[in-house]
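In what follows, a structure is listed as structure tokens, so that the remarks can point back to it.
Keep in mind it's a predicted model, so treat the numbers as computed, not measured.
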Amino acid sequence: MILGFNLRDSLRNKRNLSSVINRSARVDEVIDLVRDRYVDTISDKVLYKDAISGVLKSLDPHSVYIPSEDLEGINDDLDGGFSGIGVEFSVVRDTIQVTNVIENGPAAHAGLETGDQLLRVGDSIVAGKNITSDRIIHMLKGKQKSNVYVTIKRTNGSVRQVAITRDIIPLYSVEASIMLDGTTGFIKINRFSATTNDEFTAALKKLMGQGAKQLVLDLRDNPGGYLDAATSIADNFLDGRKLIVYTRGIHSPKMEYKAGEKGVFEDGKLAILVDEGSASASEILAGAIQDWDRGVIVGRRSFGKGLVQKQYELPDGSALRLTVAKYYTPSGRCIQRSFAKGKEAYMEDYEKRFENGELTIADTSTLADTTRFFTGNHRVVYGGGGIKPDVFVPYDTSRLSSGLLSMIYSQELKTAIWDYFIHNRPNLKFNSVSDFAKSFTAPAQVANDYLAMLDPGTKKRVLIELSKPANAGYFNLQIKAQLARYLFRDDGYYAVSLKDDEVVNKALDILRGDQYSKIILGK
């Protein structure tokens, strides 16, 4: 019997090995034939990449192959930092303008200042029509402690070469943390990285020190990231050993994530903002808060990604990000949208939501899974299509029309704002963000300079848009917000722009009134 079992296992292993060899040989044979006999030249790298893509095509939309040339940038975002020089820049008139120098970073130590222009990196000229932000980033990044030589032009016209020693530059995932009023804090998280929980905890403690007793947490357009980062933040809000999320897959045993440590903010009122761009880890956090009736979810139905990926590094420096499990909120719901109609239809979901009126009309969201789940206070919630908010706020189609947005994000307006900032910087002295927000009015000069850059046809269309009072008000608000960003970085931008944010204002109304308790209790 022992010999029989050993022989069986030996034969099974040989069959498995033979199967792997045959499958590998089959793929290699096809690639060899294409390489040797195909009518045109094609690289092995492209062939293998396409072969891998073919294997993944029948899987879910989030199982992806990441080529080696893309992996570093993706990992930087999630790791929370990269090796560089520590500047923020913008391309204005085909020239790299330094818009911010990171405090205590390598560039700051080398003497770079806001307003400097980058003319050369090493021996390469970095000015001209073909320059791109991606190219500059690639040239400025490098190994930690390596040197890069940049030639800069000062605002006074002088030119000098500067040696900068590269070092680790943090990529912050907490984009802004400000007070909305005397008792309400606001935190914006743009992704969940390895450093997010530490950033969030520090920001929250800072706001509590300024008097925050209630919090608006903005997860709009947050695509997700590390599951551990989302559960750690949820632990700040949930008491006891409450379940935050659990994961399970055919090859992955059930794993539960529970609250543990005493949270920083377990008692104050909480509003979480979500929209169709809030996905994955954002939905884990929002789902846990909703299922435990710990806060109010405000906005629009979230993306609907309930799958967990694990990244496997491959020998050539590329990686496979493979879905290994599904995640479930504390009530037991999986919020993953169906991808039965293919990846293209899956990714076009946003356009479909707009077409069927879901983004603009309340209670029109269609959930594929109508199974009822229950929160701690026995409120009914559903899975199968994202987190449906407790309070719906429609997409503002008039405010965010394509014509108005094209003006706000145009190169001409960016240039006009930058010119005003550079020429008037000595006079733009304010004690704080709130001081700027209260006392500064967007100057007419910026709008006039912007209009002067436009061709007659474009100028006519812009003037028609600005003839509408609501559009003109929002246009001027954005000018002010962009100037605030140059002065106070993202905190400044949000301190100004949130004044006219309907979702934030709705959250504030809920937190300030008696509607909060009614929603939480399901009344």
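Of all the heavy atoms in Leu428 and Leu487, the pair that sits closest is O-CD2, 3.8 Å. Between Ala442 and Asn476 the shortest heavy-atom distance is CB-O, 3.4 Å. Between Lys326 and Val308, the closest heavy-atom pair is C-CG2, 4.4 Å. The minimum heavy-atom distance linking Ala495 with Val433 is given by the pair CB-CG1, 3.0 Å.
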Problem set entry | side chain to side chain contact (heavy atoms under 4.5 Å, CB included) evaluation trace for Arg425 with Thr114 | CA-CA 10 Å; Arg425 190 167 32 156; Thr114 298; 3.8 Å; yes

Exercise. Would Tyr257 and Tyr226 count as a ring pair (Phe, Tyr, Trp, His ring centres under 6.0 Å) if you check the C-alpha gap in whole Å, the side-chain angles of each, and the deciding distance to 0.1 Å?
Worked result: CA-CA 13 Å; Tyr257 297 80; Tyr226 287 137; over 10 Å; no

For this session: For side chain to side chain contact (heavy atoms under 4.5 Å, CB included), just list the numbers for Asn197 and Asn236, CA-CA rounded to whole Å, side-chain angles, deciding distance to a tenth of an Å, and then say yes or no.
Result: CA-CA 9 Å; Asn197 184 54; Asn236 280 296; 3.5 Å; yes

Exercise. Can you check side chain to side chain contact (heavy atoms under 4.5 Å, CB included) on Ile96 and Val98, steps first, answer last?
Worked result: CA-CA 7 Å; Ile96 306 302; Val98 176; 5.6 Å; no

Problem set entry | Verdict with supporting geometry, Ser63 and Asp60, side-chain hydrogen bond (donor to acceptor under 3.5 Å, both in side chains) | CA-CA 6 Å; Ser63 289; Asp60 67 278; 2.8 Å; yes

For this session: Please assess Ser439 against Phe430 for the test side chain to side chain contact (heavy atoms under 4.5 Å, CB included), listing each intermediate value before the final yes or no.
Result: CA-CA 9 Å; Ser439 61; Phe430 298 89; 3.6 Å; yes

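Salt-bridge annotation for Lys145 and Asp167: present, with a side-chain N of the basic residue lying under 4.0 Å from a carboxylate O of the acidic one. Classification of Arg489 and Glu103 as a salt-bridged pair fails, no side-chain N sitting under 4.0 Å from a carboxylate O. Classification of Arg220 and Asp501 as a salt-bridged pair holds, one side-chain N sitting under 4.0 Å from a carboxylate O. Ion pair Arg35/Asp32 flagged as a salt bridge, since at least one NZ, NE, NH1 or NH2 atom sits closer than 4.0 Å to an Asp/Glu carboxylate oxygen. Taking 4.0 Å as the cut-off between side-chain N and carboxylate O, Lys188 and Asp490 do not count as a salt-bridged pair. Between Asp316 and Lys49 there is no salt bridge, since none of the side-chain N atoms of the basic residue sits less than 4.0 Å from a carboxylate O of the acidic one.
One distance of note links CG of Asn100 with CD of Glu88; it measures 4.5 Å at 0.5 Å rounding. With rounding to the nearest 0.5 angstrom, the OH atom of Tyr486 is 14.0 Å from the OH atom of Tyr420. Between the CG atom of Asp396 and the OH atom of Tyr474 there is a distance of 8.5 Å, given to the nearest 0.5 Å. To the nearest 0.5 Å, the span separating OG on Ser232 from CG on Leu227 amounts to 9.0 Å. In this structure, Ile74 CD1 and Ile66 CD1 are separated by 4.0 Å, a value rounded to the nearest 0.5 Å. To the nearest 0.5 Å, atom CD of residue Glu465 and atom OG of residue Ser406 are 7.5 Å apart.
A side-chain donor-acceptor contact under 3.5 Å links Glu283 to the backbone of Ser280. For Lys414 (side chain) and Val92 (main-chain N/O), no donor-acceptor pair under 3.5 Å exists by modelled atom type. Side chain of Tyr327 to backbone of Ala281: no donor-acceptor contact under 3.5 angstrom is found. Within the 3.5 Å criterion, the main-chain N or O of Val324 finds a donor-acceptor partner in the side chain of Ser252. Between the Asp491 side chain and the Ser177 main chain, a donor and an acceptor come within less than 3.5 Å of each other. A donor-acceptor contact shorter than 3.5 Å links the side chain of Thr95 to the backbone of Arg93. At distances below 3.5 Å, not a single donor-acceptor pair connects side-chain atoms of Ser318 with backbone N or O atoms of Leu314. Checking side-chain atoms of Ser83 against main-chain N and O of Arg166 turns up no donor-acceptor pair under 3.5 Å. Checked by atom type and distance alone, the side chain of Gln478 never pairs as donor or acceptor with a backbone atom of Ile408 at under 3.5 Å. Put simply, the side chain of Thr231 gets close to the backbone of Asp228: a donor and an acceptor are under 3.5 Å apart.
Counting only N and O atoms by type, the side chains of Asp198 and Thr195 include no donor and acceptor under 3.5 Å apart. Side-chain N/O atoms of Gln311 and Gln309 include no donor and acceptor closer than 3.5 Å. Checked by atom type, the side-chain pair Thr132/Asp134 shows no donor-acceptor distance below 3.5 Å. Remark: the Thr184 side chain and the Asp181 side chain contain an N/O donor-acceptor pair separated by less than 3.5 Å. Between Thr165 and Asn147, the side chains place a donor N or O and an acceptor N or O closer than 3.5 Å (distance only, hydrogens not considered).
Enclosure of atom CE in Met255 is not indicated, since only 12 or fewer non-hydrogen atoms of other residues, nucleotides or ligands lie within 6.0 angstrom. With a 6.0 Å radius and a threshold of 12 heavy atoms from other residues, nucleotides or ligands, Glu69 has its CD atom above the threshold. Counted within 6.0 Å of NZ on Lys205, heavy atoms from surrounding residues, nucleotides or ligands total 12 or fewer; the atom is thus considered open. Within 6.0 Å of atom CG in Asp123, 12 or fewer heavy atoms from other residues, nucleotides or ligands are found, so the atom counts as exposed in its surroundings. Counting non-hydrogen atoms of neighbouring residues, nucleotides and ligands closer than 6.0 angstrom, the NZ atom of Lys480 exceeds 12 such neighbours. More than 12 heavy atoms of other residues, nucleotides or ligands shown are found within 6.0 angstrom of CD on Gln411. Atom CD of Glu261 sits in a sparse spot, with 12 or fewer heavy atoms from other residues, nucleotides or ligands closer than 6.0 Å. Heavy-atom contacts from other residues, nucleotides or ligands closer than 6.0 Å to NZ of Lys343 number more than 12.
Classification of the Phe436-Phe440 ring pair by plane angle, with boundaries at 30° and 60°, yields parallel. Using cut-offs of 30° and 60° on the angle between ring planes, the pair Tyr450 and Phe475 is tilted. Relative orientation of the Tyr494 and Phe186 rings is tilted, given thresholds of 30° and 60° on the angle between their planes.
With a 4.5 Å cut-off on side-chain heavy atoms, Asn222 and Ser173 do not count as touching. Asp116 has its side chain out of reach of Val87: every pair of non-hydrogen atoms, C-beta onward, lies at least 4.5 Å apart. You'll find the side chain of Arg353 stays beyond 4.5 Å of the side chain of Arg300, heavy atoms only. Contact check for Leu285 versus Leu217: side-chain heavy atoms found under the 4.5 Å cut-off. Put simply, the side chain of Leu413 reaches to within 4.5 Å of the side chain of Ile479, judged on heavy atoms. With contacts defined as side-chain heavy-atom distances shorter than 4.5 Å, the pair Leu140/Val150 qualifies. Between Val148 and Ile85, the closest side-chain pair of non-hydrogen atoms falls below 4.5 Å. Side-chain contact between Leu451 and Leu463 is present, with heavy atoms from C-beta onward closer than 4.5 Å.
Applying the ring pair (Phe, Tyr, Trp, His ring centres under 6.0 Å) test to pairs two or more places apart or on separate chains, those with a residue in residues 302-325 are Phe303-Tyr346.
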